[in-house]
Amino acid sequence: MPELPEVETTRRSVAAALEGSRISQVGVARDRMLRRQPNPADFVRRMRNQEVVGVGRHGKFLMANLDNDITWVTHLGMSGRISLVPSDAPLVAHSNVVVTLDSGIDFRFVDPRTFGFVAAYTPDELEESSISQLGRDALTDLPRSRQLHGLLAGRSAPIKALLLDQRILAGLGNIYADETLHRAKIAPHRPGGAVASTEATALRRAIKETLDHALRYGGTSLDDLAYLLPDGRTGDYVDRLRAYGREGERCRRCGGTIIREVIRQRSSFWCPQCQQ
DNA sequence: AACGATCCCTGTTGGC
DNA sequence: TGCCAACAGGGATCGT
């Protein structure tokens with residue numbers, strides 16, 4: 001599933017092709033992809049003939065600045081990926097949004113389950129969107145452990161749920177939340193407010209190490225609807241996961257058995273022997 | 001305000 | 001072997 005490392009890997013892969021290029025055509029094959037656009041008819045109109053100035057990211061949101069002050073937002077959802085190919089390449093199934101650049105390259109958003117979306121926001125619309133509610137970016141703006149501890153203070157929800165709340169910290173999803181908690185030796189159901197300051201220090205370090213490590217391997221491609229890099233390669237972090245998807249397997253740290261438990265309607269994988 | 005549940009969607013998987 | 005229900009999950013929304 002695309003989480004911060006996968007989105008950042010995508011950003012790095014598409015930035016050079018997008019920046020300085022002009023958008024010549026925009027095709028939307030599935031209207032559902034525009035459900036976050038206040039007026040869906042605005043999307044193509046605002047994108048066409050604009051030059052991409054820069055490509056950024058906040059949490060799992062990919063954001064490109066256009067020279068008309070529009071912010072082009074892409075969220076990969078759970079099955080979305082970007083394909084960067086010559087414009088005459090054959091269309092694969094579920095190529096829901098196709099952005100053609102004047103350089104002869106297509107930016108194609110392929111998303112079978114359509115949990116992802118695109119939008120072209122004015123500055124005011126961006127301010128009104130949920131993007132303005134995002135917490136600090138877990139990679140580029142990770143809070144210090146004292147601040148992280150403060151974000152969790154007084155909260156009764158499970159730490160796992162709080163790590164998934166993008167308003168608290170932006171970027172972690174189900175895979176990396178589990179990986180982070182395993183590295184920090186914290187059980188996922190613990191109330192956020194019960195996380196001690198020393199644990200918050202471990203948690204901060206775990207977030208940084210997990211994300212840095214995953215980024216080095218190009219993210220995680222799971223076996224089903226594999227996330228792929230824009231050039232079609234797989235992300236190889238899947239072989240290095242310590243908790244996620246490892247139900248019944250040995251904990252690589254203590255030799256205990258990883259279990260699967262549903263927390264907040266989401267699968268959580270963790271080691272009861274070394275995560276307290 | 002905080003918390004928890006539900007919904008959206010479809011390719012894949014597992015059980016019968 | 002073939003069919004179909006269950007499953008996966010990010011974020012919005014709603015009820016408590």
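Worth knowing before you read on, the calculation uses all heavy atoms, side chains too, and leaves out hydrogens, waters and symmetry mates. Each chain gets a letter, A, B and so on, in the order the sequences are listed, and its residues count up from 1. This is a predicted model, so every value here is computed, not measured.
Of the candidates B:dG11, B:dC3, C:dG9, B:dC3 carries the atom nearest the A:R155 side chain, counting heavy atoms from C-beta on. Residue A:Q265 has its side chain nearest to B:dT6 when only B:dC3, B:dT6, B:dG4 are considered. Taking every side-chain heavy atom of A:T114 into account, B:dC9 is the closest of B:dG4, B:dT6, B:dC9.
Residue A:R113 places a side-chain atom within donor-acceptor reach of the base of C:dA8, judged by atom type and a 3.5 Å distance cut-off alone.
The distance between atom CZ of A:R260 and atom C1' of C:dC7, rounded to the nearest whole Å, is 9 Å. As a whole-Å value, the separation of A:R81 CZ from B:dG11 P is 14 Å. One interatomic measurement links the two molecules: NZ of A:K160 to C1' of B:dG4, which rounds to 15 Å at whole-angstrom precision. Between A:E247 atom CD and B:dT13 atom P the separation is 17 Å, expressed in whole Å.
For A:R250, the side-chain hydrogen bond (donor to acceptor under 3.5 Å, both in side chains) partners are A:T257, not counting sequence neighbours. Scored by the side-chain hydrogen bond (donor to acceptor under 3.5 Å, both in side chains) test, A:T71 finds no partners at all (sequence neighbours excluded). When the side-chain hydrogen bond (donor to acceptor under 3.5 Å, both in side chains) test is applied to A:R32, the partners found at least two apart in sequence or on another chain are A:T114. Contacts of A:R35 classified as side-chain hydrogen bond (donor to acceptor under 3.5 Å, both in side chains), with partners at least two apart in sequence or in another chain: none.
Summarising the local packing, CZ of A:R190 is surrounded by more than 12 heavy atoms from other residues, nucleotides or ligands at distances under 6.0 Å.
Contact between the side-chain N/O atoms of A:S267 and the OP1/OP2 oxygens of C:dG9 is found at a separation under 4.0 Å. A:R30 has no side-chain polar atom (N or O) that falls below the 4.0 Å cut-off from OP1 or OP2 of B:dC8. Side-chain nitrogen and oxygen atoms of A:H94 include at least one within less than 4.0 Å of the OP1 or OP2 phosphate oxygen of B:dG11. Residue A:S79 has no polar side-chain atom (N or O) positioned under 4.0 Å from OP1 or OP2 of B:dG11. OP1 or OP2 of C:dG9 sits under 4.0 Å from a side-chain N or O of A:Y244.
Here A:R30 does not pair with A:D111 in a salt bridge; the nearest charged N to carboxylate O distance is not below 4.0 Å.
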Completion exercise
Nucleotide by nucleotide, nucleotides 10-16 of chain C touches protein heavy atoms under 4.0 Å in the pattern (B base, S sugar-phosphate only, - none) BBS----
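In this structure, A:P158 reaches the sugar-phosphate backbone alone: every heavy-atom distance under 4.0 Å involves primed, P, OP1 or OP2 atoms, never a base. Heavy atoms of A:R167 sit nowhere under 4.0 angstrom from any nucleic acid atom.
Axis angle between the ends of the helix from B:dA2-C:dT16 to B:dC16-C:dG2, five pairs each and rounded to 10 degrees, works out to 50°.
For residues 257-276 of chain A, every residue pair satisfying the ring pair (Phe, Tyr, Trp, His ring centres under 6.0 Å) rule, not counting sequence neighbours, is listed here: A:H189-A:W270, A:Y244-A:F269. Among residue pairs with one or both ends in residues 149-158 of chain A, none qualify as side chain to side chain donor-acceptor pair (under 3.5 Å); sequence neighbours excluded.
Neither side chain, A:E6 nor A:Y237, offers a donor N or O lying under 3.5 Å from an acceptor on the other.
The hydrophobic cluster around A:L126 extends to A:F61, A:M63, A:V73, A:F117, A:Y121, A:I131, A:L134, counting ILVMFWY residues whose side-chain heavy atoms fall within less than 4.5 Å of a member.
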